[in-house]
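A short worksheet on the structure shown next.
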Amino acid sequence: MSEVNYSEVSEFVFLGLSTSRPMQRFLLSFSTVFYVTIILGNLLVVFTVIFDSHLHSPMYFLLANLSFMDLCLSTLTVPKMVSDLYSGQNTISFLGCVIQIFVLHVLGGCEMVLLTAMALDRYVAICKPLHYLTIMSPRMCILLLVSAWVIGLIHSVTQLAFVVHLPFCGPNEIDSFYCDLPRFIKLGCMDTYRLEFIITANSGFISMGTFFLLIVSYISILITVWKRSSGGLSKALSTLSAHISVVFLFFGPCIFVYVWPFPTVPVDKFLAILDFLITPILNPAIYTLRNKDMKMAMRRLSSWLLSLMKFS
Ligand SMILES: *[C@@H]1O[C@H](CO)[C@@H](O)[C@H](O)[C@H]1NC(C)=O
């Protein structure tokens, strides 16, 4: 047996988004404010949909689930980033890093399926309105949700199965504020080229595939509306533009993280901010605040809460 000078890596160090103090202070306040808004906004959406029986329809259930997922997605990375910025201690344990990657891929895969389900919902509602209630039945909703979680899990397990035996001995610095798979793999002390290729192909393929599927389905919805009547197009556009912008914002960074070919220019770590801090804020904002039913429901909820306070 040969004696190798081999020290196992037990923790990783995040290099963060910036080394300049003023920039760090800015990021600290920016992400704290955004994170609190994300929590409050998305909780509001979830509670409004659950408690208001007027909103018990597939579209709102899917929306509430999307809000819940967004909440989890930012909670996975942002509090850690905020505490790192605050304390200046940027370490994460090996296990913590693996858990972060695992949950990130479960949630990411799940959210992609959910966005697809929302596109399907809109397709049926706009193109086959007479069959809406039979196609998007409560059973169908549950089925879509369960498959979203199952697909997320399968995707994440297959990703991690490839890297679970990877040895780590060398540098342990991650040039980002969270653990992502491409950077994690690069730290493994063996030739990881093939592994990187597999992971990139897997995640990149899934995100690009879903992205194009969604864009094509939204375009086909718009074409259907346009053929039927030219007047309906502007109304459909205003509803669907919210969906389409969320699709772009969510998938843009994902595609960049896995398919960006120049690792020395770390654009992707800044783009990741979009997925953890911007999209989760935009979802409640653009789906909800522009939506009449949702606004009415919130008014009902607040007057109900007020009357509750009066009686107690
Ligand atoms: C997700 O959707 C299901 C039904 O489709 C609903 O019962 C559940 O309350 C939703 N979950 C959340 C967190 O809104």
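Both counts, for ligands and for their atoms, begin at 1 and track the order of listing. In what follows, residues are counted from 1 in the order of the sequence shown.
- Looking only at protein heavy atoms, the nearest one to atom 14 (O) of ligand 1 is Ala64 CB, 3.1 Å.
- In terms of modelled atom types and a separation under 3.5 Å, the side chain of Asp180 and the main chain of Ile101 share no donor-acceptor contact.
- Sorted by first then second residue, the salt bridge (charged side-chain N to carboxylate O under 4.0 Å, His left out) pairs that include residues 30-53, not counting sequence neighbours, are Asp52-Arg300.
- The shortest separation from a heavy atom of Leu145 to ligand 1 is under 4.0 Å, placing the residue in contact.
- Scanning the protein heavy atoms around atom 7 (O) of ligand 1, the nearest turns out to be Phe61 CE2, 4.2 Å.
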Considering only distance and modelled atom types, tabulate donor-acceptor pairs under 3.5 Å from the side chains of residues 9-21, sequence neighbours left out.
from	atom 1	to	atom 2	distance (Å)
Ser18	OG	Ser20	N	3.1
Ser20	OG	Met23	N	3.2
Arg21	NH1	Gln24	OE1	2.6

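- The neighbour count for Phe197 CZ, taken as heavy atoms of other residues, nucleotides or ligands under 6.0 Å away, does not exceed 12.
- Those atoms of ligand 1 with a heavy atom of Cys141 less than 4.0 angstrom away are 5 (O).
- The two residues Leu71 and Ile39 make their nearest non-hydrogen contact at CD1-O, 3.9 Å.
- For atom 2 (O) of ligand 1, the nearest non-hydrogen atom of the protein is Asn65 ND2, 2.4 Å.
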